[in-house]
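Presented below is the structure to which this report refers.
In this text the structure is predicted, and so the values were computed from the model without any measurement. Letters A, B, ... are given to chains in the order of the sequence lines, protein chains preceding strands, and every chain is numbered from 1.
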Amino acid sequence: MSAPNIAERVREHIRQRLGQAVERATAQGWLMGVGRLDPREIPVEVPRDRAHGDFASTIAMVLARKVKEAPRAIAEVLARSFEYPSEYINTVEVAGPGFINFGVNTCWLHEAIIAAIEDGESYGRIDQGGGLKVQIEFVSANPTGPMNVVNARAAAVGDVLANLFDFAGYDVSREYYINDAGNQVDVLGESCEIRMRQLMGEDIPLPERCYKGEYISDLARRALEEHGEEIRRMDPGARREFFKEFALKAILEWQKASLERFGVRFDTWFSERVLVKAHEDEEVLDILRKGGFLYEKDGAVWFRSTDFGDDKDRVVVKSDGTTTYLLRDLAYHRNKFRRGFEHIIDIWGPDHHGYVARTRAGIQAMGYPPEAFEVLLLQLVTLYSGGEQVRMSKRAGEFITMDELIDDVGKDAARYFFVTRSTDSHLDFDLELARKESQENPVYYIQYAHARIASILRQASSMGISERPARLCRLDLLDQDVEKELARMICLLPDEVAAAVRERAPNRMARYALDLAGIFHNFYNKCRVIGEDEELMQARLALVRATKVVLANVLRILGISQPERM
RNA sequence: GCGCCUGUAGCUCAGGGGAUAGAGCAGCUGACUUCUAAUCAGCUGGCCGCAGGUUCGAUUCCUGCCAGGCGCGCCA
């Protein structure tokens, strides 16, 4: 189910007619040497500056090269040959160095208002993905401590991206990879066990490699409270194993709860251990060996990833016989493909960028299409507090947790903040500033627009005014600039979704929301709704109702609540 | 040394071949007997890091340099 993308339809229309205009001009002896033109290649864009029309084409500048005439002259010829007025196009003018600007009949705006109201929550949905099975794996934090701020950014970005893919017609699945097979969970168990022994009065130091956070002691205390008797009866080996499992389970629950509070829910929590237990890492070894991509050197087994563009070969089995993280990661990605995902997106930290080439190499060596594997490198977050950088170190136990962040700035503000920057841009997050400015945070600005509309609709309803179906309204009465701006923004939602997905740019949605809210607030100050003549009031009610739908849909994509009152 | 990311307003950042480069915050001036002033209108503020190249056109693409961040393990 997807609403018609009205803007796309108009663009298509312009391309068609421009194509015809070129043919017509050629037939009359103009524009020699153009040749045939594929309408799909005719550039038609939404100009940044509204004064340049609703749509614009740079086709004249592009053709200038072939035709060897001044772009401006070409534009004039095309504008003259362009057939209009048409069902969508009202005006055609040549401007600047050779732009052809199109003014669009307001009926396209009306269609969007009607569609937004009638389609409601599904307005803006497009069928770009055609149900393609996409998996997005994100956060995948080590299960050795609470979620930190970097995890929170990944959570926000991944979740919004997944929402966007869903909106664009993909069959999307959210996945969290649990790194529970490495030695870090052993260290976790050890840390916890030693804290427990200290609690029992034993005088032993905590080794340097251990995790030092307060939460470790808390876990030890809890274990003693809940399982004290059993623990006392265990021999040292069993006890360490117990603490490992206990801590792992508790931390996973904790992480899950934090993410839940943040509004992020995963379809699958995938355990590395399960993968290893099923010997899927060894299967990968077999596959690679059969493909002739393995060799031995210095007592280790190497994968010749350089065959696939990596800059050096990689060890998959260490000389002590254990497997490397890479091998298990390849097994994991093979598993993803075997589960039927047609496109895989991993969100990684920038410190993992070196793994992209070798992982893709492995995927290719195993016979899967390398282009179906995509990595989004999400840049880090630097926390500031009062202008001073907050250094974070898990081992030292110093960090701001995701929970603290949510307590501090709130889920909505935090999510917005994380998603408002592009993924490849570092994020400076000043806690004090975020707290201080929480009254004027952009997220409130957007939510306030939504609440204001709700208030208007509430008021209308309490006055006994019933909203007329949009298609029965005199939408042509919406002739003020702000009203048309607002309607135009409503039109552009499907476009915006498409662009955000194409560019993997959740931040586009944040910007769109801000722009839309801004235009609405502007409208609110210029135009009244209730109290105008019946016809105008009904038309504005429709406009405002449609705006509310769009704001709500965008906020939902961003995972931000849509308050009815503030 | 090699790889990835970044450099745009005082601050935090958008824009990524096109027209006069934008927003928020900060600063200044105005607007509430009105459907929510968490709002609006206006002003101030820019060698788009530097130097070349590609072309009708470069803040955007390419190369080099400078500056910052992150990596470059038989760790995960």
Side-chain angles (χ1 to χ4, degrees), chain A residues 43 45 47-49 51-52 56 58 60-62 64-65 68-72 95-99 101 142 144 179 181-185 272 297-302 311-312 314-326 328-329 349-357 377-380 382 384 387 417 420-430 433 436-449 451-460 463 503 505 507-508 510-511 514-515 517-518 520-532 537 540-541 544 565-566:
Chain A
E45 58 190 43
R48 275 187 219 151
D49 190 339
H52 298 136
T58 55
M61 277 96 104
V62 176
R65 199 166 316 166
K68 296 195 181 107
E69 280 182 61
R72 178 94 199 183
F99 292 95
N101 296 336
N142 287 331
T144 53
N179 290 279
N183 58 23
Q184 44 189 353
V185 280
E272 181 181 2
K297 194 181 86 180
D298 305 332
V301 181
W302 296 69
D311 48 17
K312 50 180 156 175
R314 310 291 170 177
V315 170
V316 283
V317 183
K318 298 181 245 174
S319 50
D320 66 1
T322 59
T323 59
T324 60
Y325 176 80
L326 174 65
R328 297 195 294 275
D329 213 34
D351 49 334
H352 284 69
H353 90 266
Y355 273 77
V356 177
L377 292 176
L378 181 63
Q379 296 298 316
L380 295 174
T382 311
Y384 288 85
F417 215 107
T420 196
R421 265 78 167 169
S422 79
T423 53
D424 46 20
S425 191
H426 295 242
L427 173 56
D428 284 343
F429 199 120
D430 191 324
L433 206 67
K436 198 183 78 190
E437 288 178 357
S438 65
Q439 290 297 303
E440 286 165 18
N441 198 301
V443 73
Y444 297 109
Y445 180 87
I446 299 165
Q447 289 179 313
Y448 187 50
R452 263 184 156 177
I453 296 174
S455 173
I456 295 173
L457 298 176
R458 226 175 9 248
Q459 177 87 4
M463 289 168 72
E503 296 166 21
N507 57 305
R508 286 193 67 129
R511 171 141 303 257
L514 198 63
D515 289 347
F520 170 76
H521 286 309
N522 188 347
F523 161 85
Y524 184 91
N525 275 270
K526 283 192 184 132
C527 304
R528 282 197 62 82
V529 178
I530 295 165
E532 295 286 351
M537 177 177 71
R540 283 186 177 162
L541 278 171
V544 144
R565 34 166 59 94
M566 285 173 78

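Summarising the geometry, the separation between CG on A/Leu326 and P on B/A76 is reported as 10 Å, rounded to the nearest angstrom. The separation between A/Phe417 atom CZ and B/A23 atom C1' is 14 Å, rounded to whole Å. Summarising the geometry, the separation between CD1 on A/Ile446 and C1' on B/A23 is reported as 12 Å, rounded to the nearest angstrom. Here B/G16 presents its C1' atom at 11 Å from CZ of A/Arg508, a figure rounded to the nearest Å. A/Ile530 has its CD1 atom 8 Å from the P atom of B/C35, to the nearest Å. For the pair A/Asp428 CG and B/C70 P, the computed distance is 12 Å after rounding to whole Å. As a whole-Å value, the separation of A/Arg511 CZ from B/A21 C1' is 13 Å. Across the protein-nucleic acid pair, A/His352 atom NE2 and B/A76 atom C1' stand 7 Å apart, rounded to whole Å.
Here the side chain of A/Asn522 is nearest to one of B/A23, B/A76, B/A41, namely B/A41. Candidate nucleotides B/A76, B/U39, B/G71 were compared by shortest atom distance to the side chain of A/Asn179, and B/A76 ranks first.
No donor-acceptor pair closer than 3.5 Å links the side chain of A/Arg565 to the backbone N or O of A/Ala454. The main-chain N or O of A/Ala300 is never found under 3.5 Å from a side-chain atom of A/Asp298 such that the two would form a donor-acceptor pair. The backbone N or O of A/Thr144 sits nowhere less than 3.5 Å from a side-chain atom of A/Asn142 that would complete a donor-acceptor pair. Formation of a donor-acceptor pair under 3.5 Å by the A/Arg511 side chain with backbone atoms of A/Thr420 is not found in this model.
Base contact: A/Ala95 has a heavy atom under 4.0 Å from a base atom. Within 4.0 Å (heavy atoms only), A/Ala70 reaches no atom of the nucleic acid at all. A/Asp49 comes within contact range of no nucleotide atom at all, as no heavy-atom separation falls under 4.0 Å. If you check every strand for non-hydrogen atoms under 4.0 Å, A/Leu514 touches sugar and phosphate atoms only. Base engagement by A/Ala56 is indicated by at least one non-hydrogen atom pair under 4.0 Å involving a base atom.
Residues A/Ala60 and A/Gly98 approach most closely at CB-O, 3.5 Å, considering heavy atoms. Of all non-hydrogen atoms in A/Lys318 and A/Thr324, the two that sit nearest each other are CG-CG2, 3.8 Å. The heavy-atom pair separating A/Pro350 from A/Leu378 by the smallest distance is CD-O, 2.9 Å. Between A/Arg72 and A/Ala95, the shortest heavy-atom contact is NH1-C, 3.6 Å. Here the shortest heavy-atom pairing between A/His52 and A/Pro47 reads O-CG, 3.4 Å.
Rounded to a whole angstrom, the distance from the P atom of B/G52 to that of B/U60 is 13 Å. Nucleotides B/C61 and B/G42 place their P atoms 32 Å apart, quoted to the nearest Å. Between the P atoms of B/A9 and B/G49, the separation comes to 8 Å (whole Å). Rounded to whole Å, the separation between the C1' atoms of B/C25 and B/G45 comes to 13 Å. Between B/U54 and B/G16, the distance separating the two P atoms is 25 Å to the nearest Å. The same atom, C1', is picked in B/G1 and in B/G46; the two are 37 Å apart, to the nearest Å. Straight-line distance between the P atoms of B/A58 and B/C48: roughly 14 Å, to the nearest whole Å. Taking atom P on both nucleotides, B/C32 is separated from B/U44 by 24 Å, rounded to a whole Å.
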- Message: Taking Watson-Crick (N1-N3 plus N6-O4 or O6-N4) and G-U wobble (N1-O2, O6-N3), each under 3.5 Å, can you produce the dot-bracket string of RNA chain B? Use [ ] for crossing pairs and | for inter-strand ones.
- Response: (((((((..((((....[...)))).(((((.......))))).....(((((..]....))))))))))))....
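Here A/Glu45 pairs with nothing under the salt bridge (charged side-chain N to carboxylate O under 4.0 Å, His left out) rule; sequence neighbours left out. Checked against salt bridge (charged side-chain N to carboxylate O under 4.0 Å, His left out), A/Asp311 has the following partners two or more places apart in sequence or in another chain: A/Arg314. For A/Arg528, there are no salt bridge (charged side-chain N to carboxylate O under 4.0 Å, His left out) partners, not counting sequence neighbours. Residues satisfying the side chain to side chain donor-acceptor pair (under 3.5 Å) criterion with A/Asn522, sequence neighbours excluded, are A/Lys526. Under the rule for a side chain to side chain donor-acceptor pair (under 3.5 Å), the partners of A/Asp424 that lie at least two apart in sequence or sit in another chain are A/Ser422. Legend: residues meeting side chain to side chain donor-acceptor pair (under 3.5 Å) with A/His521, ordered by chain and number and at least two apart, are A/Arg452. The side chain to side chain donor-acceptor pair (under 3.5 Å) search around A/Glu503 returns A/Arg508, not counting sequence neighbours.
For A/Asn101 against B/A19, a side-chain-to-base donor-acceptor contact under 3.5 Å is present. For A/His521 against B/A37, no side-chain N or O and base N or O form a donor-acceptor pair under 3.5 Å.
Stacking of the aromatic ring of A/Phe99 onto the base of B/A19 is found: the ring centres lie under 5.5 Å apart and the planes are inclined by under 30°.
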Between the protein and nucleotides 73-75 of chain B, are there any N/O to N/O pairs under 3.5 Å, and if so, what are the atom names and distances?
from  : atom 1 : to       : atom 2 : distance (Å)
B/C74 : O2     : A/Ser319 : N      : 2.8
B/C74 : O2     : A/Ser319 : OG     : 2.8
B/C74 : N3     : A/Ser319 : OG     : 3.3
B/C74 : N4     : A/Asp298 : O      : 2.9
B/C75 : OP2    : A/Lys318 : NZ     : 2.8

Set out, line by line, the N/O atom pairs under 3.5 Å between protein and nucleotides 29-32 of chain B.
none

Short heteroatom pairs, N/O only, protein and nucleotides 4-7 of chain B, under 3.5 Å:
from : atom 1 : to       : atom 2 : distance (Å)
B/C5 : O2'    : A/Asp424 : O      : 2.6

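Where A/Arg458 and A/Ala517 each meet RNA chain B at their nearest nucleotide, the meeting point lying more 5' is that of A/Arg458. Both A/Phe523 and A/Gly354 lie close to RNA chain B; mapped to their nearest nucleotides by heavy-atom distance, the more 5′-ward contact belongs to A/Phe523.
Between A/Tyr384 and A/Phe429, the distance from one ring center to the other does not fall under 6.0 angstrom.
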- Message: One pair to check against side-chain contact (heavy atoms from CB on, under 4.5 Å): A/Val316 and A/Trp302. What are the steps and the verdict?
- Response: CA-CA 6 Å; A/Val316 283; A/Trp302 296 69; over 6 Å; no
- Item | side-chain contact (heavy atoms from CB on, under 4.5 Å) between A/Ile456 and A/Tyr524, intermediate numbers included | CA-CA 10 Å; A/Ile456 295 173; A/Tyr524 184 91; 3.9 Å; yes
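An anti base is found at B/C28: its glycosidic angle is more than 90° from 0.
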- Task: Can you check each nucleotide of nucleotides 53-60 of chain B against protein heavy atoms at under 4.0 Å and return B for base, S for sugar-phosphate only, - for none, in 5' to 3' order?
- Result: ---B----
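The phosphate of B/A38 has OP1 or OP2 within less than 4.0 Å of a side-chain N or O from A/Tyr448.
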